[in-house]
Amino acid sequence: MRCIFAVTFALLAFTFPTFAQNELATLTTEVASAFVWGEDNRSGAVSSSVEDPVTGNAIHKLSYAGIEVGSRMGYESVGLGEAGELLNFTTTIVNNTESELSVRQGGASVDGHVASALTVVSTNKGLSKKERKQVWEIARMHCFSSGSLPNQNFFSTNASSKGFTVTPKTALTVSFVTKDPRNYSVRCSVEGCYPTGTMRYSVTINTTDFVFIWAGRAAAYCGK
């Protein structure tokens, strides 16, 4: 019996450090695979915020190893007489490296509620009545038609628009449109109306997530 206890203790003593090392390695990998705006610490990424010279709205930026990612956010009502708001995130990736960058759709959440990408199309002409109800036309979204946000590229549920490539010394601007998953998500006062809560949006560049955090009050209203 003493022999069994001795062997068991030895196995536990050996297994625990090994498990701890593996767990630490996993955590380290997870931490290194994401940069969060405003939480630079020792990650090596640098956060900043500047004013858009065209609209005057805020642009959050994350820079790391020759890659600069800027995020803008706008919101608007779904439509006249309809409940809900559209949340629009536009990201510009500047590639100052010597290698190509792959850019893939990340994700969005609002106060912990997952917000999925909508199906965005340049035009709904040629689509059936049923299909038109399932897509969002760029020209009918005020954030883009008014010029508040650029409408160059979009992440969408379409397979062809889930990933892009940024060649060296060039830039790419891509937008993500979602619907606020909550009810009664806008608060109004004498200062105007704005979404409540906190929004998180990420875009994946190569194998790293660049995560941006937006307070609802900081979201730019697109005027509709």
Side-chain angles (χ1 to χ4, degrees), residues 26-41 43 45 47 49 57-64 67-76 78 84-95 101-121 134-136 138 141 143-144 149-166 171-183 185-186 194-220 222:
T26 302
L27 290 174
T28 301
T29 301
E30 290 176 351
V31 171
S33 65
F35 297 132
V36 181
W37 184 85
E39 299 179 9
D40 302 337
N41 297 325
S43 67
S47 299
S49 186
N57 299 323
I59 302 176
H60 290 347
K61 290 188 176 184
L62 266 173
S63 302
Y64 177 77
I67 302 171
E68 181 183 271
V69 186
S71 174
R72 283 167 281 182
M73 180 188 174
Y75 80 99
E76 61 186 283
V78 171
E85 276 68 41
L86 294 179
L87 305 178
N88 307 304
F89 301 91
T90 295
T91 309
T92 298
I93 301 96
V94 180
N95 182 6
L101 302 177
S102 66
V103 180
R104 292 181 289 111
Q105 178 177 304
S109 66
V110 183
D111 280 347
H113 301 278
V114 175
S116 302
L118 300 178
T119 302
V120 177
V121 296
Q134 300 172 343
V135 301
W136 295 81
I138 295 173
M141 290 186 283
C143 279
F144 304 107
L149 294 176
N151 59 356
Q152 298 173 14
N153 302 288
F154 288 85
F155 286 124
S156 181
T157 53
N158 301 326
S160 61
S161 58
K162 288 186 177 180
F164 299 89
T165 299
V166 190
L172 170 81
T173 297
V174 59
S175 298
F176 176 102
V177 182
T178 187
K179 186 176 179 181
D180 195 318
R182 305 165 300 167
N183 295 322
S185 56
V186 172
Y194 55 87
T196 59
T198 301
M199 291 74 175
R200 295 172 68 92
Y201 172 71
S202 69
V203 61
T204 303
I205 300 175
N206 290 343
T207 59
T208 302
D209 292 336
F210 286 71
V211 184
F212 295 90
I213 300 175
W214 289 92
R217 183 181 285 273
C222 294

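Residue indices begin at 1 and follow the sequence shown.
Checking Thr208, Val166, Leu101 one by one against Ile67, the side chain to side chain contact (heavy atoms under 4.5 Å, CB included) holds for a single residue, Leu101.
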What do the steps show when you test Tyr75 against Leu86 for side chain to side chain contact (heavy atoms under 4.5 Å, CB included), and what is the final call? CA-CA 5 Å; Tyr75 80 99; Leu86 294 179; over 6 Å; no
Could you give me the CA-CA distance, side-chain angles and deciding distance for Ser202 and Asp209, then say whether side-chain hydrogen bond (donor to acceptor under 3.5 Å, both in side chains) is met? CA-CA 6 Å; Ser202 69; Asp209 292 336; 5.1 Å; no
Using the rule given for side chain to side chain contact (heavy atoms under 4.5 Å, CB included), can you reason through Val203 versus Val103, listing the C-alpha separation, both sets of side-chain angles and the distance that settles it, and then say yes or no? CA-CA 7 Å; Val203 61; Val103 180; 3.6 Å; yes
Working for side chain to side chain contact (heavy atoms under 4.5 Å, CB included), residues Ile213 and Val36: CA-CA 8 Å; Ile213 300 175; Val36 181; 3.7 Å; yes
Salt bridge (charged side-chain N to carboxylate O under 4.0 Å, His left out) assessment of Lys61 paired with Glu68: CA-CA 7 Å; Lys61 290 188 176 184; Glu68 181 183 271; 3.6 Å; yes
In sequence, state the C-alpha distance, the side-chain angles, and the governing distance for Val110 and Leu87, and then conclude on side chain to side chain contact (heavy atoms under 4.5 Å, CB included). CA-CA 10 Å; Val110 183; Leu87 305 178; 3.7 Å; yes
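Remark: Asn57 pairs with Thr55 by the side chain to side chain donor-acceptor pair (under 3.5 Å) rule, at least two apart or across chains. For Ala215, there are no side chain to side chain contact (heavy atoms under 4.5 Å, CB included) partners, not counting sequence neighbours. With sequence neighbours excluded, no residue forms a side chain to side chain donor-acceptor pair (under 3.5 Å) with Thr91. Under the rule for a side chain to side chain donor-acceptor pair (under 3.5 Å), the partners of Ser102 that lie at least two apart in sequence or sit in another chain are Asn206. Every residue meeting the side chain to side chain contact (heavy atoms under 4.5 Å, CB included) condition with Ser109, not counting sequence neighbours, appears here in chain and number order: Arg200. With sequence neighbours left out, the ring pair (Phe, Tyr, Trp, His ring centres under 6.0 Å) criterion links Tyr201 to Phe89, Phe176. For the side chain to side chain donor-acceptor pair (under 3.5 Å) test, residues two or more places apart in sequence or in another chain that qualify with Thr173 are Thr92. Taking the salt bridge (Lys or Arg N to Asp or Glu O under 4.0 Å) definition, one finds that Arg182 meets it with Asp111, Asp180, sequence neighbours left out.
For Thr90 (side chain) and Leu149 (main-chain N/O), no donor-acceptor pair under 3.5 Å exists by modelled atom type. Of the possible polar contacts, one joining the Ser47 side chain to the Gly38 backbone as a donor-acceptor pair under 3.5 Å is found.
Annotation: Phe35 is not in aromatic contact with Phe212 [ring centroid separation under 6.0 Å not met].
The shortest heavy-atom contact between Cys143 and Gly74 is SG-C, 4.0 Å.
Taken from CG in Asn88 to CG in Asn151, the straight-line distance is 11.0 Å, to the nearest 0.5 Å. To the nearest 0.5 Å, atom OG of residue Ser175 and atom CE of residue Met73 are 12.5 Å apart. Remark: His60 NE2 to Ser71 OG distance equals 7.0 Å, nearest 0.5 Å. Atoms CG and CZ, on Leu172 and Phe164 in that order, are 6.5 Å from each other to the nearest 0.5 Å. Note that the CD1 atom of Ile59 and the CZ atom of Arg72 stand 5.0 Å from one another [nearest 0.5 Å]. One finds the OG atom of Ser156 at 12.5 Å from the CH2 atom of Trp136 (value rounded to the nearest 0.5 Å).
Looking at Ile138 and Val121, their side chains never come closer than 4.5 Å, going by heavy atoms from C-beta outward. Between Thr204 and Gln105 the shortest side-chain heavy-atom distance does not fall below 4.5 Å.
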